[in-house]
Amino acid sequence: VRERIEAVVAAGASRPRQEVIDEYLPLVNAAHGDAQRGIALFSQHCAQCHKVGTVGHGAGPDLAALVDKSADFIVTHVLDPNRAIEDKYLSYSLETFHGELFTGLLVSETGASITLRDLSGADHSVLKEDIVEGTFVRSTASMMPGGFEMFLRPADLADIIAFVNANLSAPKTFDGNQPRLVTPEQDGSLRLLASNGELYGSQLRYSTEYDCLAYWSADDDQVIWSVQVPKPGTYEIWLEWAEHEGSAGQPFAIVGSVGRFEDRVPSTGTWGNFERKRFGTMTFRSGVQRVVMRPTQRIEGALIDLREIHLVPAPQ
């Protein structure tokens with residue numbers, strides 16, 4: 001049975017991922033997803049690793065807090081789970097002298113032990129002295145398997161997407177923070193302000209004192225903007241931020257529909273000292289889309305106090 005399963009999965013995974021995505025997307029968009037049918041499909045294929053509301057469990061992200069609910073995003077990442085993997089969702093494996101094998105997400109590492117969380121959500125703590133030397137390694141692939149097109153038809157994916165979208169979390173509310181569609185300035189640039197983004201997570205909040213996103217200290221903290229990009233192309237990324245020297249170096253990602261930018265937050269000296277700087281560039285398609293900023297690893301201290309991400313069309 002194992003050999004037959006491996007042959008089937010390998011056959012599906014061998015197809016170019018973009019070819020499969022291009023085949024599925026028009027059919028998923030044309031289907032009328034049914035959230036009730038989606039519950040059963042989600043429970044069968046997704047709930048071992050993901051959770052939506054009261055359905056599911058496991059080590060994967062809680063999809064009720066999904067920031068991009070479009071069929072484009074969901075279909076792409078279901079059919080190509082290795083396209084964009086954050087460090088905190090890379091899997092680790094190890095072997096002990098007792099003949100035990102463990103694989104999962106790295107929950108914690110101390111001087112004496114390592115804790116991995118498996119797909120079911122169970123934690124396994126192993127003493128370092130019990131680990132066979134050289135067997136504690138990090139994978140470059142996602143814990144989520146590929147080849148789901150072997151088990152899910154386009155109509156099935158449409159039903160799952162309908163179920164997920166019916167159970168999305170609402171953004172947090174704060175005085176001074178009013179999420180809205182970000183439209184272009186006269187020069188074509190886009191101002192993603194702390195005041196017009198959607199806030200999610202257990203600690204992130206809006207500070208009226210500094211007009212910024214503050215207390216960004218939990219792994220699930222993230223901000224999402226709905227953005228009307230006037231034309232496709234490359235945009236410069238300018239940040240206005242503050243960072244205490246004791247928390248400097250935290251890794252973050254800015255993720256759009258087609259582009260992704262990663263960097264670390266440099267110090268500005270103190271939390272109240274805001275600076276403005278060009279960090280890099282990122283590619284965007286035209287039209288309305290979601291842009292997300294979030295940490296890519298577990299936060300030590302606080303990620304950033306953020307006033308603005310300014311996207312400026314790059315010179316041709």
Side-chain angles (χ1 to χ4, degrees), residues 50-53 60-78 83-86 88-89 161 164-184 189-207 211-230 235 237-241 250-263 265 279-280 282-297 299 302-311:
H50 293 285
K51 182 178 181 181
V52 172
D62 184 345
L63 298 185
L66 192 66
V67 294
D68 191 337
K69 57 186 178 181
S70 66
D72 189 324
F73 180 88
I74 296 176
V75 169
T76 296
H77 287 83
V78 167
R83 175 164 297 199
I85 317 167
E86 295 181 8
K88 60 184 177 181
Y89 293 118
I161 291 170
V164 171
N165 283 327
N167 290 274
L168 291 179
S169 298
K172 302 164 73 173
T173 58
F174 296 96
D175 290 341
N177 172 247
Q178 296 180 328
R180 61 173 178 81
L181 178 66
V182 177
T183 55
S189 69
L190 296 154
R191 300 190 64 192
L192 283 59
L193 305 175
S195 59
N196 59 26
E198 300 173 19
L199 277 57
Y200 299 88
S202 53
Q203 299 298 322
L204 182 62
R205 66 187 68 176
Y206 179 80
S207 167
D211 190 22
C212 73
L213 304 180
Y215 301 97
W216 201 326
S217 56
D219 296 339
D220 62 345
D221 287 343
Q222 52 192 339
V223 57
I224 308 99
W225 292 272
S226 295
V227 180
Q228 173 71 62
V229 179
Y235 286 73
I237 301 172
W238 291 76
L239 264 62
E240 186 174 352
W241 87 103
Q250 306 288 336
F252 70 92
I254 299 172
V255 184
S257 60
V258 294
R260 180 185 180 93
F261 175 80
E262 294 190 15
D263 206 340
V265 182
F279 274 67
M282 186 170 165
T283 301
F284 289 89
R285 62 173 174 81
S286 61
V288 176
Q289 57 204 275
R290 307 272 277 177
V291 178
V292 186
M293 181 171 175
R294 58 190 176 210
T296 58
Q297 296 179 13
I299 298 174
L303 179 68
I304 192 174
D305 277 4
L306 181 70
R307 276 184 177 162
E308 178 183 1
I309 299 175
H310 193 187
L311 301 177

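Residue indices begin at 1 and follow the sequence shown.
Using a 4.5 Å cut-off on side-chain heavy atoms (C-beta onward), V291 and L192 make contact. You'll find the side chain of L213 reaches within 4.5 Å of the side chain of Y206, heavy atoms only. The closest side-chain heavy-atom distance from S217 to L303 is not below 4.5 Å.
Here H77 pairs with F73 under the ring-ring contact (aromatic ring centres under 6.0 Å, His included) rule; sequence neighbours left out. Shown here are the side chain to side chain donor-acceptor pair (under 3.5 Å) partners of N196, two or more places apart in sequence or in another chain: W225. Under the rule for a salt bridge (charged side-chain N to carboxylate O under 4.0 Å, His left out), D263 has no partner lying at least two apart in sequence or in another chain. For F279, the ring-ring contact (aromatic ring centres under 6.0 Å, His included) test picks out W241, with sequence neighbours left out. Applying the ring-ring contact (aromatic ring centres under 6.0 Å, His included) rule to F284 yields the partners Y235; only residues at least two apart in sequence or on another chain are considered. Checked against side-chain contact (heavy atoms from CB on, under 4.5 Å), T173 has no partners two or more places apart in sequence or in another chain.
Listed by first and then second residue, the salt bridge (charged side-chain N to carboxylate O under 4.0 Å, His left out) pairs that reach into residues 190-206 are R191-E308, E198-R290, sequence neighbours excluded.
Heavy atoms only, all atoms of each residue included: A194 and L306 are closest at CB-O, 3.5 Å. The two atoms that bring R260 and T296 nearest to each other are NH2-CG2, 4.1 Å, heavy atoms only. Between S202 and D220, the shortest heavy-atom distance links the atoms OG-OD1, 3.1 Å. R294 approaches V255 most closely through the heavy-atom pair NH2-CG2, 4.0 Å. W216 approaches M293 most closely through the heavy-atom pair CZ2-O, 3.5 Å. Here the closest heavy-atom approach between residue D211 and residue S195 is recorded as OD1-CB, 4.4 Å.
Side-chain atoms of Q203 do not come within 3.5 Å of backbone N or O of G201 as any donor-acceptor pair.
Heavy atoms of other residues, nucleotides or ligands lying less than 6.0 angstrom from CD of Q228 number more than 12. Atom CZ of F261 has more than 12 heavy atoms from other residues, nucleotides or ligands within 6.0 Å.
Residue D72 holds its CG atom at 6.0 Å from CZ of R285, rounded to the nearest 0.5 Å. Note: L204 CG to D221 CG = 5.0 Å, rounded to the nearest 0.5 Å.
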